[in-house]
Amino acid sequence: MTDAQIEWGDSFLIGIEELDYEHKVLINDINRLHLELARHDEKSEIEKCLGDIYARMQAHFALEEHVMKEHQYRFYDEHKREHEGLLDSYSEYMMQILNDSAVTFSNSIEDTLRRWVLNHILNSDKKMSLMVQAKGLSK
Ligand code: FEO
């Protein structure tokens with residue numbers, strides 16, 4: 001498990017206000033998971049946190065895909081596949097945890113999640129935002 005929480009900063013901003021807001025909330029949730037794992041909180045708490053993150057990601061991806069479609073983003077399919085890939089992997093991890101009577105899972109899910117989210121925001125989302133903004137956000 002990584003030692004530090006993710007510190008939100010301007011470098012995460014992609015320039016689309018509602019998506020930036022959601023990214024910030026998602027990162028806060030991942031930090032919450034980090035704390036709960038570090039404190040060895042009750043399994044029920046960790047499961048709730050994992051569920052919250054899943055719901056948050058689903059809602060965020062739906063909004064972002066709507067924005068991409070509205071602006072006829074050229075790499076929509078590729079970007080959507082990245083979203084689906086994370087949700088699939090995340091669901092598998094969640095099922096493993098839910099089927100485990102004790103919280104014996106490693107913290108690799110947290111590391112994977114952190115790495116993926118940061119890479120995705122800093123690369124794919126930024127690329128998308130630049131192209132969407134070039135077309136005009138008010139469309
Ligand atoms: Fe902000 Fe493509 O997820």
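Here the structure is a predicted model, which is why all the values come from computation and not from measurement. In what follows, residues are counted from 1 in the order of the sequence shown. Numbering of ligands and ligand atoms starts at 1, following listing order.
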**Report entry** Ring centres under 6.0 angstrom apart (H120, H79)
**Finding:**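 Centroid separation for H120 and H79: below 6.0 Å.
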Query raised in the report: Which of parallel (below 30°), tilted (30 to 60°) and perpendicular (above 60°) describes F61 and H83?
Result: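 Plane angle under 30°, so parallel.
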Query - Minimum-distance atom from atom 2 (Fe) of ligand 1 among N, O or S atoms of H79 - result: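 Within H79, restricted to N, O or S, atom 2 (Fe) of ligand 1 is closest to atom NE2.
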Query raised in the report: Going by distance alone, is a donor N or O of one side chain under 3.5 Å from an acceptor N or O of the other, for H34 and Q5?
Result: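 No, because no side-chain N or O of H34 sits under 3.5 Å from a partner of the opposite role on Q5.
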Query raised in the report: So which protein N/O/S atoms does atom 1 (Fe) of ligand 1 have within less than 2.8 Å?
Result: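 Atoms qualifying: H23 NE2, H60 NE2, E64 OE1, D125 OD2.
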Query raised in the report: Do any N or O atoms from the side chain of K135 and from the backbone of H71 form a donor-acceptor pair under 3.5 angstrom?
Result: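 Such a contact is found between K135 side chain and H71 backbone.
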Query raised in the report: Are any side-chain N or O atoms of D29 and backbone N or O atoms of I53, one a donor and one an acceptor, separated by less than 3.5 Å?
Result: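 No.
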Query raised in the report: Charged N to carboxylate O under 4.0 angstrom, D77 versus K80?
Result: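 Here D77 does not pair with K80 in a salt bridge, since their nearest N and O are not under 4.0 Å apart.
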